[in-house]
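Everything below concerns the one structure shown next.
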Amino acid sequence: MPPESGTIAPEAGAGEDSPPASAPPPADDFDDNHLRKDATEEEGGDNGTVHAVTNKKKKEIAFVEGEANEYIDDEDNDTVQAVTKKKKRDKDIEEGVPATAAASQADLHPPSFFTDHRGNLKAVAFVVRHPCAIFWFLIVLCIVISFLLQAMVFRAAEGNPFTVPTNEFDLKDERSVQYDSYRLAKDRVAASRAIAETDGKQVLYQSELAAIAYWVFEADQEKTSNGVFGSASSIEGMKDAYDIFLDDPEFAKYCVLDYRTPVAANETRKCRAPLTPLAMYYPSEWDEEKAASIIDELKDPAKMELFNTFPLVLYVTEGLYEDLMPDYITPADINWARKLAFDIWSMVAKWDMEGELVPNYQQVTELASYLIQVDAFKGTVDFGFDKGFSAENPVSQYSRGIVFWGAPLDVIESGEVMDEEKEEAVEEADDDKGAPLNVTESGEVMD
């Protein structure tokens, strides 16, 4: 019976135990001779079918060895190339590279240090292949940079060099309750006034805070161990930084004006002095004898403790909490505290940065080292000295200060001050809109 189509008949004369002729030998012994033998010994089979099977075996050999076999004919070679291109195309699809783009880029951009054999940037290809790893790497990098910044700026061993303002008090104490009640009442009154005065409110020019310029200074510890206030040249160098603004003739048009102090009609309203300890070193007036007297009084630990006794200073300066005065406080103590507080306030009032550098600047630093221990006056000096500054260590490695910028400004959009010819017309338009009005030097609103 002839073999069915698509099969190979067994060899003639083969026994029952003989393997069929179509069964290939082991993979190691399978070569082209066996294929030729299978083709010549075929009996009654379909020559086309045998030829197809033979070609299929040839292609399998070629793919296993990684290159086209020399026995593959032209038609089979085209098939191998097509399959090879398909595999390359599949790989390009997995990497997100279009076939046409990959070929064109490879031709235009040969492989280099920055690009691969497809013409793609290696960095971009790496990010595309590993998006999650790159994401977490960036997160970790940001965290590491934050820690390094903290370590470099604030010195891990020292932390923030300046004292952080805090309120330490007993919440259930009578004085704490009174203070909280006063603060809440003040906030409520201020809020109600703000609502009532919103419509048609007349705002004084440069009476409100618009922005600040924050200065921080650090001593070069490799060159000096006396801190930023240890020499006249260091103090003058910090003053030069503030003079960039203070000496500018246009500064008065943009600073916060001091409306707390009355001025005569023919006087110019002054800018608010910067918040800096340099105001102590450049006062409009310095009484060296009075400063020495204050230092001598505060050097005595017993007097320092007495002066910090609550509510002695508040009573002698503000007349508050007389009923809470301890019994051991005598009238002589009250008179002593009143005189000392008056002397201190009289000196603080002259700290305006309008004078020359105090020749005996060491005395200024010493006075600050004792005032920083007085609860009622530490707020006048502690902002500009670091937290290691004290009477035992009158050296401050850091200092800081703030320059204040005011609003609203009495300027037009071009930045030039309004001249007298335009001022009246602008004020009339502002009155209709409820905008800020012009103010005289005495602080009165112009009609």
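Only a predicted model underlies this, so the values are computations on that prediction, with no experimental measurement involved.
- You'll find the side chain of Met304 reaches within 4.5 Å of the side chain of Val374, heavy atoms only.
- What you find for Phe404 and Ala273 is that their closest heavy atoms are CE1-O, 3.8 Å.
- Judged as a side chain to side chain donor-acceptor pair (under 3.5 Å), and not counting sequence neighbours, Ser181 has no contacts.
- By the salt bridge (charged side-chain N to carboxylate O under 4.0 Å, His left out) test, Lys270 pairs with Glu354, sequence neighbours left out.
- Using a 4.5 Å heavy-atom cutoff, the side chains of Phe389 and Gln397 are not in contact.
- Within a 6.0 Å radius of OH in Tyr214, other residues, nucleotides and ligands contribute more than 12 heavy atoms.
- Partners of Phe114 by ring-ring contact (aromatic ring centres under 6.0 Å, His included), not counting sequence neighbours: none found.
- Atom OH of Tyr281 sits about 7.5 Å away from atom CE of Met238, to the nearest 0.5 Å.
- In terms of heavy-atom proximity, Ile402 sits nearest to Tyr242 at N-OH, 4.4 Å.
- Residues Ala210 and Gly406 come closest through the heavy atom pair CB-O, 3.7 Å.
- A donor-acceptor pair under 3.5 Å is absent between the side-chain atoms of Asp243 and the main chain of Asp247, judged by distance alone.
- For the pair Pro277 and Phe229, the minimum side-chain heavy-atom distance is below 4.5 Å.
- Between the side chains of Ser231 and Ser234, not a single donor N or O lies within less than 3.5 Å of an accepting N or O.
- Rounding to the nearest 0.5 angstrom, the gap separating the CZ atom in Arg269 from the CG atom in Leu257 is 7.0 Å.
- Sorted by first and then second residue, the pairs that involve residues 219-260 and meet disulfide bond (SG atoms under 2.5 Å apart), not counting sequence neighbours, are Cys255-Cys271.
- Note that the OG1 atom of Thr115 and the NZ atom of Lys122 stand 7.0 Å from one another [nearest 0.5 Å].
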Run the side chain to side chain contact (heavy atoms under 4.5 Å, CB included) test on Gln362 and Asn360 for me, step by step, so that the C-alpha distance in whole Å, both residues' side-chain angles and the decisive distance to 0.1 Å come before the verdict. CA-CA 5 Å; Gln362 295 90 345; Asn360 189 7; 3.3 Å; yes
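- Atoms CG and CZ, from Leu209 and Arg272 in turn, are 7.0 Å apart once rounded to the nearest 0.5 Å.
- Val403 has its side chain out of reach of Thr276: every pair of non-hydrogen atoms, C-beta onward, lies at least 4.5 Å apart.
- Listed by first and then second residue, the ring pair (Phe, Tyr, Trp, His ring centres under 6.0 Å) pairs involving residues 352-380 are Trp345-Phe377 (not counting sequence neighbours).
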Using the rule given for side chain to side chain contact (heavy atoms under 4.5 Å, CB included), can you reason through Trp351 versus Trp286, listing the C-alpha separation, both sets of side-chain angles and the distance that settles it, and then say yes or no? CA-CA 9 Å; Trp351 297 350; Trp286 181 263; 3.9 Å; yes
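- Side chain of Tyr259 to main chain of Tyr205: a donor-acceptor pair is present (N/O by atom type, distance under 3.5 Å, no hydrogens or angles).
- Taking the ring axis of Tyr282 as reference, the NZ or CZ atom of Lys239 stays within 45° of it and closer than 6.0 Å to the ring centre.
- Taking the ring-ring contact (aromatic ring centres under 6.0 Å, His included) definition, one finds that Trp405 meets it with Phe245, Phe251, sequence neighbours left out.
- Figure legend: Arg400 and Phe383 shown as a cation-pi pair, the cationic atom lying under 6.0 angstrom from the six-membered ring centre and within 45 degrees of its axis.
- Listed here is the closest heavy atom pair of Ala368 and Val381: O-CG2, 4.1 Å.
- When each of Leu141, Ile139, Ile145 is checked for a side chain to side chain contact (heavy atoms under 4.5 Å, CB included) with Ile143, only Ile139 meets the rule.
- Between Phe126 and Ile134 there is a side-chain heavy-atom pair separated by less than 4.5 Å.
- Summarising the geometry of Ala391 relative to Pro394, their closest heavy-atom pair is O-CD, 3.7 Å, with the distance given to 0.1 Å.
- For the residue pair Val395 and Asp386, the shortest heavy atom distance occurs at O-OD1, 4.1 Å.
- Looking at heavy atoms from C-beta onward, Val358 lies out of side-chain contact with Gln363 at the 4.5 angstrom threshold.
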Check the pair Asp375, Val313 against side chain to side chain contact (heavy atoms under 4.5 Å, CB included), reporting the backbone distance first and the verdict last. CA-CA 9 Å; Asp375 296 337; Val313 176; over 6 Å; no
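- Distance check: Met347 CE to Leu371 CG gives 9.0 Å after rounding to the nearest 0.5 Å.
- Side-chain atoms of Asn308 come within 3.5 Å of backbone N or O of Gln373 as a donor-acceptor pair.
- A distance of 10.5 Å separates CG of Asp258 from CG of Asp352, quoted to the nearest 0.5 Å.
- Looking at Leu409 and Lys253, their side chains never come closer than 4.5 Å, going by heavy atoms from C-beta outward.
- The shortest distance between side-chain heavy atoms of Ser390 and Asn393 falls below 4.5 Å.
- The local environment of CZ in Arg183 is crowded, with over 12 non-hydrogen atoms from other residues, nucleotides or ligands closer than 6.0 Å.
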